[in-house]
Amino acid sequence: MKKVYLILLICCILLIGVLIYVQIERYQTVENGENDPLENLDSIKVYVTDEPQSEPVEVETELPDTELETEPVEEVTTAPETEEVFEPNLDFNVLWDTNPDVCAWIEIPGMVVDYPVLQSPKGNDNKYLKTDLNGNYYVGGSLFTQETYNNRDFNDRVTVIYGHWMPNGSLFGDIQRIYSDPETFMSHSDIKIYLPDEVRHYTVFAAVPFESIHITATYDFTSDYWYKSFFKRVADVRSLYSCFNEEAFPEIGDRVIILSTCLNGDNKERYLVMAVN
């Protein structure tokens, strides 16, 4: 009987060892960039290029043969009109052909953050915690929102985008380094969110370590009281890793996105980057 227990114990130890080895291999693969599903995203980031163009129409007019006497007209100077810059959106049909769960695309100019944002329907909120864009297992998962707490259209008062802190800096692996420094915090204050029918620009107003709670389950952001209370609490955070743009803090009616990832150095807290539209 003792031999059976001993054999079972040895088998358990071997199984644990194999699992640990597999996990180490997976993390090393991510670290070395081997078979990284995030490498070929440029192939599906296709822009809609049908820029509206309005060319002046030339109208030919015949002048009479006789010269008419005309009085000199004073030249009136007007301020030049500001031209509206056309900003092409992404072709979401291409994205949906790859995965219909894509609800948005996030881009932070000057950073590696340039990824699709996914949302799994039917209550499977954490599907993309360990699933890549193509539906395969990936230790880094994908950037995602949760269907239970947020709509796909980013029109909620607060939308939380979850992403892993990756050791190679991919996904949300670099946001703590960038946004905990006052200089780089301000130089990366613009976050672009591509949606099927528009491109939105959000301005970063806070980056803070925060307790590991489910924010949208804890705070009812449909209430003005809880909306204001949460951001007041954010403003009160004091840490070496926190930075603020007090002039950009949200007001009632503003839409906010929160990038949520692990706090590097303390797995009991989260690191949050917040931006307002």
Any ring pair (Phe, Tyr, Trp, His ring centres under 6.0 Å) pairs touching residues 234-254, not counting sequence neighbours? Phe205-Phe249

Are the ring centres of Phe210 and Phe230 closer than 6.0 Å? yes

Partners meeting side-chain hydrogen bond (donor to acceptor under 3.5 Å, both in side chains) with Asn99 (sequence neighbours left out): Tyr128

Exercise: identify the closest heavy-atom pair between [X] and [Y]:
X	Y	answer
Gln176	Ser180	O-OG, 2.6 Å
Leu95	Trp105	CD2-CZ3, 3.6 Å
Ser260	Phe172	O-CD1, 3.8 Å
Ser212	Lys268	CB-O, 3.4 Å
Arg152	Pro100	NH2-O, 3.3 Å
Pro109	Lys192	CG-CD, 4.3 Å

For Pro250, run the side-chain contact (heavy atoms from CB on, under 4.5 Å) check against Val234, Val256, Val158 and tell me which one passes. Val256

Please determine which of Ile191, Val208, Val204 meets the side-chain contact (heavy atoms from CB on, under 4.5 Å) test together with Met274. Val208

[atom1]/[X] to [atom2]/[Y] distance, rounded to the nearest 0.5 angstrom?
X	Y	atom1	atom2	result
Tyr194	Phe154	OH	CZ	13.5 Å
Asp101	Trp96	CG	CH2	12.0 Å
Trp226	Thr218	CH2	OG1	9.5 Å
Ile108	Ile178	CD1	CD1	9.0 Å
Thr98	Asn93	OG1	CG	11.0 Å
Asp153	Cys103	CG	SG	9.5 Å

Hey, is the main chain of [Y] close enough, under 3.5 Å, to the side chain of [X] for a donor-acceptor pair?
X	Y	answer
Lys130	Val139	yes
Asn89	Leu195	yes
Asn168	Ser170	yes
His164	Gly173	no

What I'd like to find out is whether the side chain of [X] reaches to under 4.5 Å of the side chain of [Y], using heavy atoms alone.
X	Y	answer
Asn126	Phe144	yes
Ile215	Arg270	no
Leu143	Pro116	no

Cation-pi geometry met for Arg157 and Tyr227 (6.0 Å, 45°): yes

Would you call the rings of Tyr162 and His214 parallel, tilted or perpendicular, where under 30° means parallel and over 60° means perpendicular? tilted

Looking just at side-chain N and O atoms, do Asn150 and Thr145 make a donor-acceptor pair shorter than 3.5 Å? no

Salt bridge flag under 4.0 Å for residues Asp181 and Arg177: no

